[in-house]
Amino acid sequence: MKDPATQVSRRGLMKNLIATDRPKRYAMVIDTRRCIGCQACTVACKSENDVPLGESRSWVETIEKGNFPDVGRSFLPRLCNQCEKPGCVSVCPTGATYTRKEDGVVAINKEICIGCKYCILACPYGVRYLDPKTGSVDKCDFCLHRIEKGVVPACVNTCQGAARIFGDINDPSSAAAKMLETNSVSVLRHEMGTEPMVFYIGADHSDERYAERTGVYVRVETHRRQQKRV
Amino acid sequence: MLEIHWGLPVIIYLFLGGLGAGAGVVSASVFLRSHAGDASEGAFDIARWGALIAPIPVIAGTGALVFELGSFAVGDMFRWINLFLTINLSPMSLGSWFLALFIGVSLCYAYTFLKSDAHSGDKHQAFRKMLAWVMVPLGIGVALYTGILLGAMPARPFWNSPILAMLFLISALSTGVASILLVRCVAHALGHKKADEYTGEGAQGTEESKYILAATDMLLISFEVLVVFLFIMYAHLTIGGVENAIDVILGGSLTSLFWFGFVVIGLIIPILIEMKYVLPRLLRQEHYSIPHAVELAACMLVIVGGFMLRYVVVIAGQLTGPVGI
């Protein structure tokens with residue numbers, strides 16, 4: 001059954017799709033069915049990373065839909081997707097933002113970044129912001145200072161419903177790898193071809209165009225300064 | 001509506017950088033075309049004005065650009081040097097190097113024309129000719145990269161079009177021609193070198209060179225109209241993000257600014273004016289003459305249109321993003 005010549009496992013397929021030469025490949029699986037929209041991750045992230053007022057590295061969007069009495073409400077936690085093909089890295093003129101060879105995390109060297117904001121515009125997920133204190137661009141880096149010490153990111157640590165599962169998917173025994181093997185997952189804006197490393201279980205992808213098409217009432221609340229969903 | 005991250009400094013830079021690069025390319029091309037100024041005094045005069053104009057807007061635009069830098073805003077005046085400590089395939093990195101080379105070369109090129117009695121046989125001639133050969137590819141590079149810079153982002157469907165760079169290049173050349181005509185017109189009016197001071201062949205040469213510039217501008221604007229048409233048509237024929245993004249100029253917040261501010265003021269009116277004076281000469285070999293005031297007005301409209309194009313494109317690209325989630 002495990003014969004690689006006859007059986008293409010989902011893991012094997014995935015390994016071919018993503019860069020296999022990395023010792024580790026950190027990813028996050030978000031089980032939106034377990035998310036209660038408490039914003040504990042938003043707050044934990046802000047305090048852990050000293051995120052300036054008005055900006056956020058991670059946030060939880062609320063999607064309200066339906067016409068009374070058939071209504072639903074779901075949550076969509078957002079963060080940097082740590083893309084395999086990041087649009088931000090290819091446009092950075094100074095090489096300040098880069099994909100880490102050892103684990104695939106997209107990180108920023110704040111000493112080098114000149115704050116040209118090219119990457120902010122190039123990110124299809126709107127996760128980047130200019131830090132008014134340093135003049136450099138910043139974003140979620142899976143709490144690099146924590147994961148390098150073997151501790152999970154602050155948002156994962158604080159999540160009340162255990163909706164966020166973090167791990168190295170190159171390691172088949174990690175919780176994240178197991179979640180990917182046993183669940184149907186989706187990513188955000190897969191048509192952009194960025195190949196995100198943040199996967200969602202049961203995410204509601206409805207938006208205003210869906211509402212227009214179906215006649216179903218949809219209201220999206222981003223809970224961040226940028227009111228329109230990026 | 002999404003947030004605006006690149007504001008007026010970037011718009012001003014894209015406009016001035018294109019204008020300066022365009023003026024440089026036109027100057028060097030006219031210079032080389034006229035056998036390094038030997039063939040016609042008028043051509044040398046155009047090349048001279050183009051060369052003197054070119055570095056000024058490019059330097060001013062680049063200067064404006066640092067005000068958009070986050071590092072500059074927090075008082076770190078020189079962190080932008082990091083741009084020049086590396087080179088990669090980012091359009092901004094390549095563009096910065098092109099820009100730095102262009103500024104250097106165009107300053108040298110302008111220097112060779114600086115003296116008011118500069119002429120095609122003086123001691124700078126060999127150097128000037130060599131620089132002119134470098135000015136053409138560098139100028140095209142600078143003008144072209146401003147469009148590639150915006151077009152490189154799939155996340156911005158309005159900009160993510162291969163024809164945007166072409167549009168910016170043509171607009172840069174067109175505003176470059178207009179700026180040369182404008183400055184020459186103003187300088188002559190101020191009495192630097194009155195057009196009627198030329199005698200015999202000289203006077204004809206001036207008229208002839210003015211005709212060539214106006215005819216070139218007419219041709220450039222007609223290509224620009226064509227490119228604008230292709231840009232909008234293909235966007236409209238697409239579905240999804242691009243179609244959604246183009247709506248911002250086809251029935252959104254920037255519609256009137258685009259159609260009136262750019263298409264009518266910057267393209268249609270100037271091309272009609274130029275056609276009125278250029279076509280009789282082009283079709284029936286009649287004498288070319290255009291009143292100063294009309295020439296000035298047409299040039300100013302072209303330049304205003306060039307600015308409007310950059311303004312609308314830069315803002316529209318940021319207001320719109322990918323659709324769906």
Side-chain angles (χ1 to χ4, degrees), chain A residues 61 63 76 78 85 87-98 109-126 128-138 186 188-194 200 203-210 220 225-230, chain B residues 1-7 9-10 65-97 148-160 239-241 243-244 314 317-325:
Chain A
E61 292 172 355
I63 302 128
L76 192 69
R78 299 284 305 270
K85 299 218 167 81
C88 51
V89 170
S90 58
V91 299
C92 180
T94 58
T97 188
Y98 60 102
N109 186 334
K110 286 196 204 176
E111 308 288 304
I112 296 178
C113 174
I114 59 171
C116 71
K117 298 182 266 188
Y118 201 175
C119 56
I120 298 183
L121 292 170
C123 174
Y125 304 103
R128 289 175 165 257
Y129 60 88
L130 189 80
D131 188 331
K133 287 192 294 265
T134 61
S136 302
V137 171
D138 215 340
S186 63
L188 300 185
R189 296 205 169 111
H190 79 101
E191 75 281 1
M192 297 299 305
T194 49
Y200 291 85
D204 189 348
H205 292 267
S206 9
D207 61 352
E208 62 272 22
R209 284 163 73 91
Y210 166 86
V220 175
R225 197 192 60 228
Q226 171 70 58
Q227 294 295 308
K228 188 175 184 293
R229 181 149 75 183
V230 187
Chain B
M1 293 288 137
L2 304 180
E3 289 177 349
I4 303 290
H5 295 283
W6 279 352
V10 172
L65 212 46
V66 301
F67 289 103
E68 193 61 271
L69 290 181
S71 56
F72 192 82
V74 295
D76 201 341
M77 304 280 189
F78 295 105
R79 213 196 293 168
W80 57 265
I81 294 285
N82 286 346
L83 275 175
F84 297 103
L85 300 180
T86 181
I87 183 162
N88 57 37
L89 282 179
S90 159
M92 193 183 281
S93 176
L94 293 173
S96 311
W97 282 102
I148 299 174
L149 181 86
L150 300 183
M153 293 175 276
R156 297 290 168 173
F158 190 93
W159 293 339
N160 192 217
I239 52 169
E243 189 203 24
N244 185 57
V314 169
Q318 298 183 75
L319 290 180
T320 54
V323 293
I325 190 74

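Within every chain, numbering begins at 1; the chains are lettered A, B, ... in the order of the sequence lines, protein sequences first and strands thereafter.
Of the listed residues (B:V10, B:V66, B:V74), the one with the most heavy-atom contacts under 4.5 Å to chain A is B:V74. With respect to chain B, the highest number of heavy-atom pairs below 4.5 Å among A:T94, A:D204, A:I112, A:L121 belongs to A:L121. Chain A forms the most heavy-atom pairs under 4.5 Å with one residue out of B:L69, B:L94, B:N160, and that residue is B:L69. Contact tally against chain B (heavy-atom pairs below 4.5 Å) for A:H205, A:R225, A:K117: the top residue is A:K117.
Using a 4.5 Å cut-off on side-chain heavy atoms (C-beta onward), A:I120 and B:E3 make no contact. No side-chain heavy atom of A:V91 sits less than 4.5 Å from a side-chain heavy atom of B:M92.
A distance of 12.0 Å separates SG in A:C88 from CE in B:M153, rounded to the nearest 0.5 Å. Distance check: B:W6 CH2 to A:C116 SG gives 6.5 Å after rounding to the nearest 0.5 Å.
Atom CG of B:L89 has 12 or fewer neighbouring heavy atoms from other residues, nucleotides or ligands inside a 6.0 Å radius.
Among B:D76, B:L83, B:I81, the single residue meeting the side-chain contact (heavy atoms from CB on, under 4.5 Å) criterion with A:I114 is B:L83.
Closest heavy-atom contact between A:R229 and B:I325: NH2-CG2, 3.4 Å. The minimum heavy-atom distance linking B:A155 with A:C123 is given by the pair CB-C, 3.9 Å.
Of the possible polar contacts, one joining the B:R79 side chain to the A:C113 backbone as a donor-acceptor pair under 3.5 Å is found. Judged purely by atom type and a 3.5 angstrom limit, B:W80 has no side-chain atom pairing as donor or acceptor with the backbone of A:G115. When atom types are taken as modelled, the side chain of A:R189 and the backbone of B:G324 share a donor-acceptor pair closer than 3.5 angstrom. A donor-acceptor distance shorter than 3.5 angstrom exists from the side chain of B:N88 to the backbone of A:C92, with no hydrogens or angles considered.
In this structure, chain B has no heavy atom under 4.5 Å from any part of A:Q227. Residue A:R128 does not touch chain B at all, counting heavy-atom pairs closer than 4.5 Å. Of the two parts of A:T194, neither the backbone nor the side chain holds a non-hydrogen atom closer than 4.5 Å to a non-hydrogen atom of chain B. For a residue to count as touching a neighbouring chain, one of its non-hydrogen atoms must lie under 4.5 Å from one of that chain's; by this rule A:S136 touches chain B with backbone and side chain alike. For B:L149, the parts lying under 4.5 angstrom from a heavy atom of chain A are both the backbone and the side chain.
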